[in-house]
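To keep things clear, I will list the structure first and then write my remarks on it.
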Amino acid sequence: MRFYLRREERRPAPAPPPADDRRPFGVITVAWLALLVVAVVAHDALSGAGRTWWVWTCAAGAALGFLALARENRRR
C-alpha cells in the first residue's frame, strides 16, 4: 500500500457540483428578521435584563444575510 502518488499517477480532481446558495441564505435571513422583530417588541424586557445587545445581534445577522444574498445574486 502506497500513501503517496506521483503527480502523473494521480487522477484529476472532479469538478465541484453546482450549488444554489440563495435559498439557505434567504431562509436564514428571514429567520434573523423574525428574531429582530421579536427583539424589538420585547425591547423593554431586554433592556431591564441588560440584554439590549440581542437587538443588534439580530440586526447584524439580517444585514449579513442581505449581503450574502446580494453576493450570490451577483455571481449568477
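Numbering starts at 1 and runs along the sequence shown.
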Side chains of residues 19-30: which donor-acceptor pairs under 3.5 Å do they make with residues two or more places apart or in other chains?
residue, atom, partner, partner atom, Å
Asp20, OD1, Arg22, N, 3.4
Asp20, OD1, Arg22, NE, 2.9
Asp20, OD2, Arg22, NH2, 3.4
Thr29, OG1, Phe25, O, 2.6

Next item on the list: Verify the neighbour count for atom CZ of Arg74: are there more than 12 heavy atoms of other residues, nucleotides or ligands below 6.0 Å?
Entry: no
Notebook entry, point to check: Atom CD of Glu9 and atom OH of Tyr4: how far apart are they, to the nearest 0.5 Å?
Noted result: 9.0 Å
For residues 37-58, tabulate all N or O donor-acceptor pairs below 3.5 Å that involve a side-chain atom, not counting sequence neighbours.
residue, atom, partner, partner atom, Å
Ser47, OG, His43, O, 3.2
Ser47, OG, Asp44, O, 2.9
Thr57, OG1, Trp53, O, 2.9

